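Single-structure report; data block below.
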Amino acid sequence: DTEVTQTPKHLVMGMTNKKSLKCEQHMGHRAMYWYKQKAKKPPELMFVYSYEKLSINESVPSRFSPECPNSSLLNLHLHALQPEDSALYLCASSQRTGTNAHEQYFGPGTRLTVT
Amino acid sequence: AQRVTQPEKLLSVFKGAPVELKCNYSYSGSPELFWYVQYSRQRLQLLLRHISRESIKGFTADLNKGETSFHLKKPFAQEEDSAMYYCALSGQGGANNLFFGTGTRLTVIP
């Protein structure tokens with residue numbers, strides 16, 4: 001299995017809702033990432049998990065809360081979001097070390113709309 | 001600070017013509033450079049990286065440290081090359097994080 005899967009594909013939520021995005025990979029990758037991509041913009045890194053521990057938080061607001069319950073799963077918990085948080089949220093994974101460590105495999109993304 | 005610049009948002013070429021997508025970078029250390037591609041309705045995927053010095057789908061890219069460039073080239077463009085292309089940089093250290101340029105949308109005209 002060489003795919004990164006993300007659920008749901010689409011999500012519409014109100015500003016008072018709590019929701020979660022899920023990401024899964026079974027490639028044995030020990031680094032996982034969350035990116036945010038606005039329309040016609042490049043992906044922007046949000047979080048990096050390395051060996052299930054948060055290693056990078058790119059100054060993301062606390063209304064986004066990542067979680068890595070095991071080496072195959074990555075969640076992004078959402079609470080009290082703003083309309084400007086509407087975007088495509090991409091998950092990616094990679095090997096943590098070695099020659100292929102920088103090759104990231106991306107999921108299809110979750111299209112989030114905050115109303 | 002790291003920076004990746006792709007000066008062309010849009011690029012159109014005719015089928016069979018050569019294509020070059022420009023990428024310049026700024027980084028204080030020795031970065032790793034990549035080209036990622038996103039075809040219509042497909043996920044973002046790695047096209048090639050400078051350390052492997054390989055040709056993928058006829059594309060090549062050479063890292064020019066003097067000019068801090070990593071331009072993507074193909075001698076004869078094909079219609080299936082139409083896609084969004086992102087140049088990306090990964091710095092040293094253990095982070096593996098990618099910093100993307102703004103992207104170039106390539107359209108190959110039949």
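Computed from a prediction, not measured in an experiment: that's the story for all the values here. Letters A, B, ... mirror the listed sequences (proteins, then strands); counts begin at 1.
A pairwise comparison of heavy atoms in A:Phe106 and B:Leu44 identifies CB-O, 3.5 Å as the closest pair. The two residues B:Phe100 and A:Pro42 make their nearest non-hydrogen contact at CB-CB, 3.8 Å. Contact between B:Tyr86 and A:Gln37 at its shortest, heavy atoms only, is OH-NE2, 3.1 Å.
Neither the backbone nor the side chain of B:Phe99 comes within contact range of chain A; no heavy atoms are under 4.5 Å apart.
Taken to the nearest 0.5 Å, the NZ atom of A:Lys40 stands 8.5 Å off from the NZ atom of B:Lys9. How far CD of A:Gln104 is from CG of B:Leu98: 4.0 Å, rounded to the nearest 0.5 Å. Rounding to the nearest 0.5 Å gives a distance of 12.0 Å between OH of A:Tyr105 and CZ of B:Arg43.
Hydrophobic clustering (ILVMFWY, side-chain heavy atoms < 4.5 Å, transitive): A:Met32 and A:Tyr35 are in distinct clusters. A:Met46 and A:Met13 fall within a single hydrophobic cluster, where Ile, Leu, Val, Met, Phe, Trp and Tyr are joined by side-chain heavy atoms under 4.5 Å apart, directly or via other members. There is no path of hydrophobic side-chain contacts, each under 4.5 Å, that joins A:Leu21 to A:Leu45. Residues B:Val4 and B:Leu11 fall within the same hydrophobic cluster, defined by Ile, Leu, Val, Met, Phe, Trp and Tyr side chains chained together at heavy-atom separations under 4.5 Å. If you chain together hydrophobic residues whose side chains sit under 4.5 Å apart, A:Tyr33 and B:Phe34 fall into the same group.
Judged as a ring pair (Phe, Tyr, Trp, His ring centres under 6.0 Å), the pairs with a partner in residues 66-95 of chain A (not counting sequence neighbours) are, in order, A:Phe64-A:Tyr89.
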